[in-house]
A.B. asks: 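Take a look at this one; I'll ask things after.
Worth saying up front: this structure is predicted, and the values here are computed from it rather than measured.
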Amino acid sequence: TKVVRVFVFHPSVPEPAKDWHSFAATLQGVLDIGAVPMVTFAKFAPPFDNERNIDTFVARCEEIVWGCIEQWGSAVKDWYWCIWNEPNNLIIGGDVSYEQYREIYRRVSARILPLLRPHLNGAQAKIGGPSIDGTHRPYWMDWISRLLDDFGDDALGFVSWHRYGDWRPAVSSESLNIELWGTPDSPNYEAFERLLMAQTPAYESRARGVARLLRGRSVENICGELNAISHHENYYTLGLNQNVFGAAYYASALINLLRGGAQLEMRWTATGHNDAYGLITLDGQPTPACFAKQLFVQCVRTGDFIRFPENRAGPEVDAVVSGEGERISGVFVNTARQPLRLSPAQWDSGLEKCATMLKLDGKTGGRVVRAPFDGTLLIEGYGLAAVTNTTDIVID
């Protein structure tokens, strides 16, 4: 884990102005695992164009940055500072207009940049946003395009966007007494699984689209949230964010984000309650989706030469090969319910050197199993498998 996003004005996070010690301990925990924080300033109550509201919000943001510099000094040069969260989403971000958001962004960045600048050693400040909702709302790319047009690289170090497969429940809305506001129910059960999995190629196209907007700019392309269904409750998602299906969805999305040129992706780990987003449960138990991420990031490592071999098995397979020579791994994702058998060496001849297979699918009990690699892979339904010639992969 390289970056951990922390919301500063949120009920589940200690209030910095009232309990700096606990808030600082939260950030120190991020640093202790070798990551850096993405401090997210969200949000304040409407009206969003009220001068007093904006002034108060800006002052609170400035005070937090000042406090972080006082406690950690120049280490903050590597931190991310995110302004707002899903401003185009009424429930999450308040349904802020772009013009209102631009003014908030301008004033916050103008106040925190002078604090950060003495510690940057000429580097670019990692201030950004808008963490735009790209699932529920049309014209979400407008926000990124306009933000790039309105701010230079000194005030804009990254853009962030969110993408979920769907927002509707995995069961009938009537059974949950939920109003969908004129939107049809999702096709439930197996049909909904197929529909959700059909969304993962969109991560490539969206990352690639944002990358085109960023051409010629020194601005990072960040997928700040992703998952199958955007909801916190298991009665709503039926476990599809966290189970073996969720593991396959996540791994497929990661491969497509790599193809599209995203530079960072972030997913909920856990929040203040046992929710249907988290990679880890409230009592610390890893979900199958968590094991999928552990397996993926240990096979596809930062700095590796990666390639996407020609698909030889049909549209249900996503694959990436990472590394070469002394260390090489191939990750294969089955995005269908039907079993999948393949020969990795037919996809990339370098995989002939692999001696170990690691697999998570419908027959592994929600965990990763390890076995000698005999030249073929069998993935039983939704899931993923990796072949590797490394011996240092640890899944726990």
A.B. asks: Checking D55 against R107 for the salt bridge (charged side-chain N to carboxylate O under 4.0 Å, His left out) test, could you report, in this order, the C-alpha distance in whole Å, the side-chain angles of both residues, the deciding distance, and whether it holds?
C.D. replies: CA-CA 9 Å; D55 285 344; R107 289 167 67 168; 2.4 Å; yes

A.B. asks: Just checking, is any N or O donor in the side chain of W20 or E15 under 3.5 Å from an acceptor N or O on the other one?
C.D. replies: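 No, no side-chain donor-acceptor contact under 3.5 Å.
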
A.B. asks: When clusters are formed by joining ILVMFWY residues with side-chain heavy atoms under 4.5 Å apart, either directly or through shared neighbours, do V297 and V30 land in the same one?
C.D. replies: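 Result: no, two separate clusters.
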
A.B. asks: Any non-hydrogen side-chain atom of D348 less than 4.5 Å from a side-chain atom of I328?
C.D. replies: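 Answer yes - side chains close enough.
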
A.B. asks: Just by distance, do the side chain of N88 and the backbone of D133 share a donor-acceptor pair under 3.5 Å?
C.D. replies: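 Confirmed, N88 side chain pairs with D133 backbone.
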
A.B. asks: With a sphere of 6.0 Å drawn around CD1 of I91, does it hold more than 12 non-hydrogen atoms of other residues, nucleotides or ligands?
C.D. replies: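 No, not enclosed.
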
A.B. asks: Count the heavy atoms belonging to other residues, nucleotides or ligands that lie under 6.0 Å from CD of E51, then report whether that count exceeds 12.
C.D. replies: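 Enclosed.
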
A.B. asks: If the threshold is 4.0 Å, N to carboxylate O, is there a salt bridge linking E324 and R307?
C.D. replies: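 Result for this pair is no, no salt bridge flagged.
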
A.B. asks: Mind running side-chain hydrogen bond (donor to acceptor under 3.5 Å, both in side chains) on D185 and S172 for me, showing each step along the way?
C.D. replies: CA-CA 6 Å; D185 262 326; S172 73; 5.1 Å; no

A.B. asks: Please enumerate all residues that pass side-chain hydrogen bond (donor to acceptor under 3.5 Å, both in side chains) together with Y101, with sequence neighbours excluded.
C.D. replies: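 Here no residue qualifies.
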
A.B. asks: Can you tell me how far the OG atom of S186 sits from the CG atom of L180, to the nearest 0.5 Å?
C.D. replies: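 Answer for the OG-CG pair, S186 versus L180, is 8.5 Å.
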
A.B. asks: Measure the shortest side-chain to side-chain distance between D396 and Q294 over non-hydrogen atoms and say whether it is less than 4.5 angstrom.
C.D. replies: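 Answer yes - side chains close enough.
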
A.B. asks: Tell me if a side-chain donor or acceptor on N311 pairs with a main-chain N or O of V317 at a distance below 3.5 Å.
C.D. replies: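 Yes, the answer is positive, given that a donor and an acceptor are paired below the 3.5 Å cut-off.
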
A.B. asks: Quick one, F296 with F291, criterion ring pair (Phe, Tyr, Trp, His ring centres under 6.0 Å). Give me CA distance, side-chain angles, the key distance, then yes/no.
C.D. replies: CA-CA 8 Å; F296 193 96; F291 290 129; over 10 Å; no

A.B. asks: Looking at E326 and K353, is there a salt bridge between them, counting it only when a charged N and a carboxylate O are closer than 4.0 Å?
C.D. replies: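 Looking at K353 and E326, the cut-off is not met.
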
A.B. asks: Does a salt bridge link E193 with R337, judged by any charged N lying under 4.0 Å from a carboxylate O?
C.D. replies: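 So E193 pairs with R337 through a salt bridge.
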
A.B. asks: Can you tell me how far CH2 of W81 sits from SG of C61, rounded to the nearest 0.5 angstrom?
C.D. replies: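 Rounded to the nearest 0.5 Å, the SG-CH2 separation comes to 10.0 Å.
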
A.B. asks: Give the intermediate values and the outcome of side-chain contact (heavy atoms from CB on, under 4.5 Å) for residues N334 and L384.
C.D. replies: CA-CA 6 Å; N334 185 9; L384 68 154; over 6 Å; no

A.B. asks: Below 4.0 angstrom, N of the basic side chain to O of the carboxylate: do K43 and E86 qualify?
C.D. replies: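 Looking at E86 together with K43, the answer is no, because their closest N to O distance does not fall below 4.0 Å.
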
A.B. asks: Report yes or no: do T40 and N85 form a side-chain donor-acceptor pair below 3.5 Å?
C.D. replies: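 On atom types as modelled, these side chains do not qualify, holding no pair under 3.5 Å.
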
A.B. asks: Decide yes or no for M141 and L213: does some side-chain heavy atom of the first lie under 4.5 Å from some side-chain heavy atom of the second?
C.D. replies: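 Contact flag for M141/L213 side chains = yes.
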
A.B. asks: Any chance you could measure L196, atom CG, to Q199, atom CD, to the nearest 0.5 Å?
C.D. replies: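 Answer rounded to 0.5 Å: 7.0 Å.
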
A.B. asks: For F332, what residues pass the ring pair (Phe, Tyr, Trp, His ring centres under 6.0 Å) criterion, not counting sequence neighbours?
C.D. replies: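 F332 satisfies ring pair (Phe, Tyr, Trp, His ring centres under 6.0 Å) with W347 only.
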
A.B. asks: Got a second to check how far R367's CZ is from L360's CG, nearest 0.5 Å?
C.D. replies: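 These two atoms lie 10.0 Å from each other.
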
A.B. asks: Is the shortest side-chain N to carboxylate O distance from K293 to E265 below 4.0 Å?
C.D. replies: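 Yes, this pair counts.
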
A.B. asks: Are the ring centres of W161 and W143 closer than 6.0 Å?
C.D. replies: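 Not under 6.0 Å, so no.
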
A.B. asks: Could you tell me if the side chain of E99 sits less than 4.5 Å from the side chain of R146, heavy atoms only?
C.D. replies: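 Yes, side chains in contact.
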
A.B. asks: Assigning hydrophobic clusters by single linkage (Ile, Leu, Val, Met, Phe, Trp, Tyr; side-chain heavy-atom cutoff under 4.5 Å), is I255 placed with L340?
C.D. replies: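 Per the 4.5 Å side-chain linkage, I255 and L340 are not co-clustered.
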
A.B. asks: Does any N or O in the side chain of T388 come within less than 3.5 Å of the main-chain N or O of T390, such that one atom is a donor and the other an acceptor?
C.D. replies: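 Yes, T388 side chain to T390 backbone: donor-acceptor pair under 3.5 Å.
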
A.B. asks: State plainly whether one hydrophobic cluster holds both V331 and V369, where clusters connect Ile, Leu, Val, Met, Phe, Trp and Tyr through side-chain heavy atoms under 4.5 angstrom apart.
C.D. replies: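 No, separate clusters.
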
A.B. asks: Is there a donor-acceptor contact under 3.5 Å from the side chain of T237 to the main chain of G239?
C.D. replies: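 Yes: the side chain of T237 pairs with the backbone of G239.
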
A.B. asks: What about W84 and F48, are their ring centers closer than 6.0 Å?
C.D. replies: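 So the answer is yes for these two rings.
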
A.B. asks: Report the C-alpha distance between Y139 and Y98 in whole Å, list the side-chain angles of each, state the deciding distance to 0.1 Å, and finish with yes or no for side-chain contact (heavy atoms from CB on, under 4.5 Å).
C.D. replies: CA-CA 11 Å; Y139 309 114; Y98 176 77; over 6 Å; no

A.B. asks: In terms of ring plane angle, is the pair F41 and F57 parallel, tilted or perpendicular, where the classes change at 30° and 60°?
C.D. replies: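 F41 and F57: perpendicular rings.
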
A.B. asks: Ignoring hydrogens and angles, tell me if any N or O in the side chain of R168 forms a donor-acceptor pair with the backbone of P184 under 3.5 Å.
C.D. replies: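 Checking the backbone N and O of P184 against the side chain of R168, a donor-acceptor pair under 3.5 Å is found.
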
A.B. asks: Using modelled atom types and a 3.5 Å cut-off, is there a donor and acceptor pairing between side-chain atoms of N241 and backbone atoms of N243?
C.D. replies: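 It does not hold such a pair.
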
A.B. asks: Is the F44 to F9 ring centre distance short of 6.0 Å?
C.D. replies: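 Judged by ring-centre distance (under 6.0 Å), F44 and F9 do not meet the cut-off.
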
A.B. asks: Side chain of Q100, backbone of S97: donor and acceptor closer than 3.5 Å?
C.D. replies: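 Judged by distance alone, yes, a pair lies under 3.5 Å.
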
A.B. asks: OH/Y235 to CG/L176 distance, rounded to the nearest 0.5 angstrom?
C.D. replies: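 Separation between the atoms: 6.5 Å.
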
A.B. asks: Would you call R327 and D304 a salt bridge, using N to O less than 4.0 angstrom?
C.D. replies: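 Yes, this pair counts.
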
A.B. asks: Using a strict threshold of under 4.0 Å (side-chain N to carboxylate O), is an ion pair present between D392 and R301?
C.D. replies: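 Between D392 and R301 there is a salt bridge, with a charged N closer than 4.0 Å to a carboxylate O.
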
A.B. asks: Measure the shortest side-chain to side-chain distance between C82 and S131 over non-hydrogen atoms and say whether it is less than 4.5 angstrom.
C.D. replies: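 C82 reaches S131 side chain to side chain.
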
A.B. asks: Are the side chains of R5 and Y80 in touch, meaning some heavy atoms are under 4.5 Å apart?
C.D. replies: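 Answer no - side chains too far apart.
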
A.B. asks: Would you call E63-R60 a salt bridge at under 4.0 Å N-O?
C.D. replies: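 Not counted as a salt bridge, because no side-chain N and carboxylate O are separated by less than 4.0 Å.
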
A.B. asks: How many angstroms lie between atom CZ of R208 and atom CG of N221, to the nearest 0.5 angstrom?
C.D. replies: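 One gets 11.0 Å once the value is rounded to the nearest 0.5 Å.
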
A.B. asks: Compare all side-chain heavy atoms of E220 with those of L214 and state whether any distance is below 4.5 angstrom.
C.D. replies: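 Sidechains of L214 and E220: no contact.
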
A.B. asks: Under 3.5 Å, is there a donor-acceptor pair between the side chain of N50 and the main chain of N53?
C.D. replies: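 Side chain of N50 to backbone of N53, a donor-acceptor pair under 3.5 Å: yes, one is there.
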
A.B. asks: Hydrophobic clusters here meaning ILVMFWY residues chained together by side-chain heavy-atom distances under 4.5 Å, can you tell me if L358 and V387 are in one?
C.D. replies: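 No; V387 is not reachable from L358 via cluster members.
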
A.B. asks: Between Y203 and Y249, what is the ring plane arrangement, given parallel below 30°, perpendicular above 60°, and tilted in between?
C.D. replies: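 Perpendicular, since the angle between the ring planes exceeds 60°.
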
A.B. asks: Would the distance check show the side chain of T26 and the main-chain N or O of S22 forming a donor-acceptor pair, the cut-off being under 3.5 Å?
C.D. replies: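 Yes; judged by distance alone, with no hydrogens or angles, the pair exists.
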
A.B. asks: Would you check if the side chain of D149 reaches a backbone N or O of S145 as a donor-acceptor pair within less than 3.5 Å?
C.D. replies: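 Between the backbone of S145 and the side chain of D149 there is no qualifying donor-acceptor contact (under 3.5 Å).
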
A.B. asks: Would you mind reporting whether C299 and S322 have side-chain heavy atoms less than 4.5 Å apart?
C.D. replies: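 SC-SC contact between S322 and C299 ruled out.
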
A.B. asks: Does R106 come within less than 4.0 Å of D150, counting only side-chain N to carboxylate O?
C.D. replies: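 Looking at D150 together with R106, the answer is no, because their closest N to O distance does not fall below 4.0 Å.
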
A.B. asks: Run the numbers on F245 and Y250 for side-chain contact (heavy atoms from CB on, under 4.5 Å), then give the verdict.
C.D. replies: CA-CA 9 Å; F245 172 90; Y250 190 31; over 6 Å; no

A.B. asks: Taking atom types as modelled, find out whether D153 and S218 have a side-chain donor-acceptor pair closer than 3.5 angstrom.
C.D. replies: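 No, because no side-chain N or O of D153 sits under 3.5 Å from a partner of the opposite role on S218.
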
A.B. asks: Side chains of E352 and S349: is there a donor and an acceptor less than 3.5 Å apart?
C.D. replies: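 Absent: no donor and acceptor within the cut-off.
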
A.B. asks: Charged N to carboxylate O under 4.0 angstrom, K363 versus D361?
C.D. replies: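 So K363 does not pair with D361 through a salt bridge.
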
